[in-house]
Novice: 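Below is one structure. I have some questions about it.
Computed from a prediction, not measured in an experiment: that's the story for all the values here. Protein chains get the first letters and strands the later ones, always in sequence-line order, with residue 1 at the start of each.
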Amino acid sequence: MTNLHPLTAFGLFFSVIVLTMLTMHPVLLLTSYFSAVLLCGVLRGARHLLKSLAYSIPVMLMLTLLNPIFVHRGTHILFFLNGNPVTLEAVAYGASSSLMLLSLFYWFQCFGIVITEEKLTYLFGRVSPRLALVLSMSLSLLPCLRRKFLEIDDAQRALGVYGKGGYVDRLRAKLSSLSILLTWALESSVERARSMRARGYGLPGRTAYSLYRRTRRDVVSGVLLLLLFCVTLPLLLSGWATFSYYPTLCSITWSFHFWGAYAPLCMLCAFPLLLEGGERFKWRYWTSKI
Amino acid sequence: MKKDLFVAFVILFVVILIFSGVEIQSVDEYYLTHLDDIREDSETVFLTVRCDEALEHIGQMNVELLASGLLPSNGVILARTEYVLREGDSVYEILDRAMRHNRIPTEYVYSSDGGVYVKGMGHLYEYDCGPLSGWSFSVNGEPAQSSCNRLELSDGDEIVWSYTCSLGLFSAQEGGGGQ
């Protein structure tokens with residue numbers, strides 16, 4: 001996955017993310033969610049995945065329960081909360097939308113691992129240097145801030161500034177670390193902009209060195225992905241795989257239309273997994289020969 | 001440590017506050033209503049809920065609602081029925097009692113100025129039949145000029161709730177302010 005050509009990898013994530021955002025069908029969302037989670041597990045390791053699931057699943061449950069608080073439509077009433085019905089339909093809709101949100105979350109996590117800052121600048125550097133810089137900065141913002149926060153926190157602890165008292169004191173110490181972090185973030189963004197300008201970033205005629213070579217595998221899989229995307233997108237937009245939540249949940253029809261939209265999406269979702277699995281298998285195979 | 005205890009108490013207080021504000025009822029509990037028997041000397045009103053106009057504009061109808069088949073084909077959600085008028089009852093109280101008794105799901109919006117707006121009845125909601133659609137009511141043929149909980153009733157009044165697909169009457173339910 002990581003040695004795929006940036007353009008192919010970007011196309012893959014772009015198409016999967018766009019298609020996931022366009023559907024509310026539970027089967028399609030479940031497929032997207034599980035393949036994203038699996039890919040994330042393969043790329044980041046099982047331990048990291050379990051850690052992230054430990055907080056993403058409660059978030060998912062919370063989002064699921066949030067919808068019926070605001071929406072009261074539906075025929076299957078579970079109970080009444082303060083005189084307002086809590087319906088099965090609203091819960092199902094909440095579950096589907098939280099599934100969509102979290103599958104996007106995991107797809108973006110994989111995106112962040114596969115498409116590094118370098119690759120982003122390579123992809124957008126020639127089209128729009130500004131966009132490339134803004135994209136790479138904003139995508140790496142949170143991990144970067146997190147790393148810096150831990151650093152500041154450690155330094156504060158070592159200085160002995162840290163509150164030793166109860167929970168409130170500790171919280172206050174964290175807040176002071178946070179304010180240091182904010183100051184640092186402002187300063188570093190100004191510094192980064194200046195240093196990029198000093199290097200002549202974005203000036204016309206400037207060339208960039210990149211190591212990415214387009215292999216036959218990249219071209220073949222790129223064309224395949226484009227084809228799958230171009231088939232699925234109009235099918236989803238014209239409602240081949242729709243699911244209605246209100247006023248009653250419709251049953252899932254395993255019709256020709258459903259499979260027509262579902263099969264290409266399935267292939268798209270399985271594509272990175274197969275690719276990664278194939279690479280691992282090859283690696284195992286050749287190392288066992290040594 | 002004292003601070004921690006204080007924080008713990010505040011959290012406990014908030015949790016208790018939230019739970020005391022939450023009331024959970026089962027479906028049967030919610031729909032359990034008592035209708036007064038109609039006697040000779042009791043004051044009564046008539047209530048009708050119809051959605052004929054929605055059926056006339058079926059082309060604009062929310063596709064999912066249409067597919068569910070929950071819309072009554074004769075346009076009658078609640079046929080003309082006589083209800084006992086209690087002391088101080090407004091259109092809202094009569095409607096609420098009737099809908100609970102007949103187990104027709106009804107959603108109200110309680111606005112900040114104390115008015116009540118009916119968002120949907122019998123799975124038919126505002127905006128389900130075009131952008132100008134919604135529920136409105138009339139008393140004795142007079143389109144409503146105020147919110148349904150502000151309109152006092154008198155003996156023999158004829159209340160008709162009807163679904164409109166054009167803004168005219170619909171805005172009247174909101175007190176004329178929601179153009």
Novice: Under 4.5 Å from any heavy atom of chain A, what part of B/Asp28 do you find: side chain, backbone, both or neither?
Specialist: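 Nothing of B/Asp28, per the 4.5 Å heavy-atom cut-off to chain A.
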Novice: Can you tell me if CZ on B/Arg103 sees more than 12 non-hydrogen neighbours from other groups inside 6.0 Å?
Specialist: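 Atom CZ in B/Arg103 is packed in, count exceeds 12.
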Novice: Flag yes if more than 12 heavy atoms outside A/Tyr93 fall under 6.0 Å of its OH atom; otherwise flag no.
Specialist: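 Open.
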Novice: Is B/Ile24 in contact with chain A via its backbone, its side chain, both, or neither, using a 4.5 Å heavy-atom distance?
Specialist: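 Looking at B/Ile24, backbone and side chain both touch chain A.
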Novice: At under 4.5 Å between heavy atoms, what parts of residues 261-268 of chain A are in contact with chain B? List them by residue number.
Specialist: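 At a heavy-atom separation under 4.5 Å, chain B is reached by no residue of residues 261-268 of chain A.
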Novice: Show the nearest heavy-atom pair for residues B/Glu107 and A/Arg73, with the distance to one decimal.
Specialist: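 In terms of heavy atoms, the two residues are closest at OE1-N, 4.4 Å.
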Novice: Is the CD atom of A/Glu187 crowded by more than 12 outside heavy atoms at less than 6.0 Å?
Specialist: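 Check fails, neighbour count at 12 or below.
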Novice: With a 4.5 angstrom heavy-atom cut-off, is it the side chain or the backbone of B/Asp96 that approaches chain A, or both, or neither?
Specialist: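 Neither part.
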Novice: Select one option (side chain, backbone, both, neither) describing which atoms of B/Val22 are under 4.5 Å from chain A's heavy atoms.
Specialist: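 It is both, since atoms from each part get that close.
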Novice: Tell me if the CG atom of B/Asp155 is crowded by more than 12 foreign heavy atoms within 6.0 Å.
Specialist: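 Above 12, so yes.
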Novice: Inspect the surroundings of CZ in A/Phe13 and state if more than 12 heavy atoms from other residues, nucleotides or ligands are less than 6.0 Å away.
Specialist: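 Result for CZ/A/Phe13: enclosed.
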Novice: Under 6.0 Å from the CZ atom of A/Arg172, do we count more than 12 heavy atoms belonging to anything else shown?
Specialist: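 For A/Arg172, atom CZ is not crowded (no more than 12 foreign heavy atoms under 6.0 Å).
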Novice: Can you confirm whether more than 12 heavy atoms, excluding those of B/Glu142, are under 6.0 Å from its CD atom?
Specialist: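 No, the 6.0 Å shell around CD holds no more than 12 heavy atoms from other groups.
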Novice: Is chain B contacted by the side chain of A/Thr242, its backbone, both, or neither, given a heavy-atom distance below 4.5 Å?
Specialist: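 Contact with chain B: none, neither part.
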Novice: Considering only heavy atoms, give the residues of residues 76-91 of chain A separated from chain B by less than 4.5 Å, sorted numerically, with 'none' for an empty result.
Specialist: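 Within residues 76-91 of chain A, near chain B: A/Ile77, A/Leu78, A/Phe79, A/Phe80, A/Leu81, A/Asn82, A/Gly83.
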Novice: Just how far is it from atom OH of B/Tyr108 to atom NE2 of A/His72, taken to the nearest 0.5 Å?
Specialist: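 So the gap between those two atoms works out to 13.0 Å.
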Novice: Side chain, backbone, both or neither: which part of B/Tyr31 has an atom under 4.5 Å from a heavy atom of chain A?
Specialist: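 For B/Tyr31, the contact with chain A is made by the side chain alone.
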Novice: Of A/Pro247, A/Cys250, A/Ser244, which meets side-chain contact (heavy atoms from CB on, under 4.5 Å) against B/Ser68?
Specialist: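 Exactly one option meets the side-chain contact (heavy atoms from CB on, under 4.5 Å) with B/Ser68, and it is A/Pro247.
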Novice: Does A/Phe34, at its CZ atom, have more than 12 non-hydrogen atoms belonging to other residues, nucleotides or ligands within less than 6.0 Å?
Specialist: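 Counting neighbours around CZ of A/Phe34, 12 or fewer heavy atoms of other residues, nucleotides or ligands fall under 6.0 Å, so no.
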